[in-house]
Colleague: 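Take a look at this one; I'll ask things after.
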Amino acid sequence: MPLKPLFCRQGVDSSYRLLGLTAAAFFAVFLLYLLIGSHLFVVIVSLILAAIVGLSGYRRLQGQKAMLSVLPAASVALFALGLNYLEGVWLPTLAIVLAVAGTIAVVIRPQVKVANFDAFGYSGPLAAVSSKRRRVEPILVDGALDDDVQWRQEPLDEQGDAQVHHQEAAVSPALIINERLKQIALWGRPIITQLQGRPKAVMLLVLSTLLVVGIAVFWPVSSELDVEDSLASAAAEPVIAPQYLEAQMPDGFKVMLDGDALLISWLGERGEPELIWSIATAKGDVSCRNITFNNGAQYRPLEVHLMADSSTLARFSPLDTQAIVNDIAMRGSLTLCGYEFSLKGSQAALSKQAAFRPYL
């Protein structure tokens, strides 16, 4: 199809040409959106296609309510904007409805009587006209070729294939493309002739194309999107560590309160987070089954965990909180999970945290 008539205000477009250009514009925008996603380039291409559709509508109307040509043109741009920048399907849906209504409003207007539409449904100064070459037949004069024909053939015979290749190289690429388009137009002329005799079939084909594009755009995928959104939101939520009331001991470990339960935490082990000891199963690191003070007092932790930050956390029963806090304050050292900690200055450290004062 020649490109110049697409951007020309002169000439006349057939109704089939307008329908085809509108459907092709919607399909091109949707295909480009599928290929590259939301991008400014999709909007730029849609504006160019909207101009092509608007000019086609203008040429089809020929001054009969020319503002109607704005409807199918604007629908192409709205369709691209809806796909790119807005959530939901209301704007693309509105664009398709506007395109169908605007195109029908244009094509039902009386057609200007034009008898010489080209193969692409255009009639005007830029119409594609097939060029036919005239072949010069040799003329026999008294059993010999005409001298004029011989004179014109001699240079070709002398220069041979070199001259033919030189002439082909001198042809502009634009002319070659134009010739190929004309050949395609000649091949498609029988199809277009058949379509021109079946306007209802053409209308049904265009509306079906718009319907397929609409179904492809608005096919419900909410379940998949909901799963993706939930996963993304879960990944985006920061992991908030539990907030305990804690007292930092001079020897580097922490004594914490989770409600009435006592916890002791220290750094020293590395590895994947795991359960080191559990009183429920009596399995795990046996060195963690008791906390032992230098006076011989022992208490069993409920669980001992290796945490993600390389700390070890031991949790004790609330029934032992009072006794353990007193021993931490009054004794000289404790041993837990193979680690021995000095308790020098521990009473002063506990007194600084108001939550531990009732236990002292």
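Remember, it's a predicted structure, so these values are computed and weren't measured experimentally.
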Colleague: Would you check, one step at a time, whether the test side chain to side chain contact (heavy atoms under 4.5 Å, CB included) holds for V76 with V29?
Modeller: CA-CA 8 Å; V76 177; V29 170; 4.1 Å; yes
Colleague: Using a strict threshold of under 4.0 Å (side-chain N to carboxylate O), is an ion pair present between R60 and D13?
Modeller: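 No salt bridge links D13 with R60.
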Colleague: Quick one: closest heavy-atom pair of G37 and N84, and the distance?
Modeller: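 Here G37 and N84 meet closest at O-OD1, 4.0 Å.
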Colleague: Determine whether L302 and L336 fall in the same hydrophobic cluster, where Ile, Leu, Val, Met, Phe, Trp and Tyr are linked whenever their side-chain heavy atoms lie under 4.5 Å apart.
Modeller: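 The answer is no; the residues belong to distinct hydrophobic clusters.
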Colleague: Please say whether more than 12 non-hydrogen atoms of neighbouring residues, nucleotides or ligands are located less than 6.0 Å from CD in E274.
Modeller: yes
Colleague: Roughly how far, to the nearest 0.5 Å, is the CG atom of L47 from the CD1 atom of I52?
Modeller: 11.5 Å
Colleague: Quick check on the hydrophobic clustering: are W266 and L262 connected, directly or via other members, by side-chain heavy-atom contacts under 4.5 Å?
Modeller: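 Hydrophobic grouping puts W266 with L262.
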Colleague: Are any non-hydrogen side-chain atoms of L68 and L61 less than 4.5 angstrom apart?
Modeller: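 Side-chain contact under 4.5 Å: yes.
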Colleague: Is any side-chain heavy atom of L18 closer than 4.5 Å to a side-chain heavy atom of S15?
Modeller: no
Colleague: For P250 and K344, work out which heavy atoms get closest and say how close.
Modeller: CG-O, 3.3 Å
Colleague: Is there a continuous path of hydrophobic side-chain contacts, each under 4.5 Å between heavy atoms, that joins M307 to Y244?
Modeller: yes
Colleague: Any idea which heavy atoms bring A297 and D327 closest together, and the distance?
Modeller: CB-OD2, 3.8 Å
Colleague: Roughly how far apart are L83 CG and L32 CG, rounded to 0.5 Å?
Modeller: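 CG of L32 is found 10.5 Å from CG of L83.
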Colleague: Decide if atom CG of D258 counts as having more than 12 heavy atoms of other residues, nucleotides or ligands within a radius under 6.0 Å.
Modeller: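 Yes, because the 6.0 Å sphere around CG of D258 holds more than 12 heavy atoms from other groups.
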Colleague: If I take atom CG from residue L86 and atom OG from residue S38, how far apart are they, to the nearest 0.5 angstrom?
Modeller: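 Rounded to the nearest 0.5 Å, the CG-OG separation comes out at 10.0 Å.
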Colleague: Can you sort out the partners of D251 under salt bridge (Lys or Arg N to Asp or Glu O under 4.0 Å), two or more places apart, ordered by chain and number?
Modeller: none
Colleague: Please tell me if the side chains of I96 and F79 come closer than 4.5 Å, counting only heavy atoms from C-beta onward.
Modeller: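 Yes; the side chains approach each other to less than 4.5 Å.
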Colleague: Do I279 and R289 have side-chain heavy atoms sitting under 4.5 Å apart?
Modeller: no
Colleague: Under a 4.5 Å side-chain heavy-atom rule over Ile, Leu, Val, Met, Phe, Trp and Tyr, are Y339 and L275 clustered together?
Modeller: no
Colleague: First locate atom OG of S311, then atom CZ of R270, and finally report the distance between them rounded to the nearest 0.5 Å.
Modeller: 12.5 Å
Colleague: Considering residues at least two apart in sequence or located in another chain, which fulfil the ring pair (Phe, Tyr, Trp, His ring centres under 6.0 Å) criterion with F253?
Modeller: F341
Colleague: Would a 4.5 Å heavy-atom cut-off, applied to side chains only, mark V107 and L19 as touching?
Modeller: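 SC-SC contact between V107 and L19 confirmed.
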Colleague: To the nearest 0.5 angstrom, please state how far the CZ atom of R59 sits from the CZ atom of R17.
Modeller: 5.5 Å
Colleague: Pair N290, T292 - check side-chain hydrogen bond (donor to acceptor under 3.5 Å, both in side chains), show working.
Modeller: CA-CA 6 Å; N290 289 310; T292 304; 5.6 Å; no
Colleague: Measure the shortest side-chain to side-chain distance between C8 and Y122 over non-hydrogen atoms and say whether it is less than 4.5 angstrom.
Modeller: yes
Colleague: Using atom types as modelled and distance alone, determine if a side-chain donor or acceptor of S56 lies under 3.5 Å from a backbone N or O of V53.
Modeller: no
Colleague: Quick one: closest heavy-atom pair of N295 and R331, and the distance?
Modeller: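 Result for this residue pair: ND2-NE, 3.1 Å.
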Colleague: Checking R315 against E303 for the salt bridge (charged side-chain N to carboxylate O under 4.0 Å, His left out) test, could you report, in this order, the C-alpha distance in whole Å, the side-chain angles of both residues, the deciding distance, and whether it holds?
Modeller: CA-CA 6 Å; R315 176 181 290 269; E303 291 180 341; 5.6 Å; no
Colleague: Determine, step by step, whether H305 and L263 satisfy the side chain to side chain contact (heavy atoms under 4.5 Å, CB included) criterion, reporting the C-alpha distance in whole Å, the side-chain angles of both residues, the deciding distance to 0.1 Å, and the verdict.
Modeller: CA-CA 11 Å; H305 291 266; L263 297 91; over 6 Å; no
Colleague: Could you tell me whether the side chain of P273 reaches within less than 4.5 Å of the side chain of L306, counting heavy atoms only?
Modeller: no
Colleague: Decide yes or no on side chain to side chain contact (heavy atoms under 4.5 Å, CB included) for Y33 and V45, but give the supporting numbers first.
Modeller: CA-CA 11 Å; Y33 172 76; V45 171; over 6 Å; no
Colleague: Return the minimal non-hydrogen interatomic distance between G57 and S69, and the atom names on each side.
Modeller: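 Nearest heavy atoms, G57 then S69: C-CB, 3.6 Å.
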Colleague: Have a look at I291 and tell me which of I328, T335, V304, L334 forms a side chain to side chain contact (heavy atoms under 4.5 Å, CB included) with it.
Modeller: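 Exactly one option meets the side chain to side chain contact (heavy atoms under 4.5 Å, CB included) with I291, and it is L334.
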Colleague: For a 4.5 angstrom cut-off between non-hydrogen side-chain atoms, does P301 reach W277?
Modeller: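 Yes, close enough: below the 4.5 Å cut-off.
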Colleague: Measuring from I264:CD1 to M249:CE, what's the distance to the nearest 0.5 Å?
Modeller: 9.5 Å
Colleague: Would D320 and R300 count as a salt bridge (charged side-chain N to carboxylate O under 4.0 Å, His left out) here? Give the steps.
Modeller: CA-CA 9 Å; D320 297 328; R300 292 189 182 276; over 6 Å; no
Colleague: Give the intermediate values and the outcome of side chain to side chain contact (heavy atoms under 4.5 Å, CB included) for residues Y359 and L257.
Modeller: CA-CA 11 Å; Y359 298 100; L257 285 175; 3.9 Å; yes
Colleague: Considering all heavy atoms of both residues, which atom of D260 and which atom of T321 are nearest to each other, and what is their separation?
Modeller: O-OG1, 2.6 Å
Colleague: Please determine whether residues M330 and F356 belong to a single hydrophobic cluster, defined as Ile, Leu, Val, Met, Phe, Trp and Tyr linked transitively by side-chain heavy-atom distances below 4.5 Å.
Modeller: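 Hydrophobic grouping puts M330 apart from F356.
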Colleague: Once the angle between the rings of Y299 and F293 is folded into 0 to 90°, is it parallel (under 30°), tilted (30 to 60°) or perpendicular (over 60°)?
Modeller: perpendicular
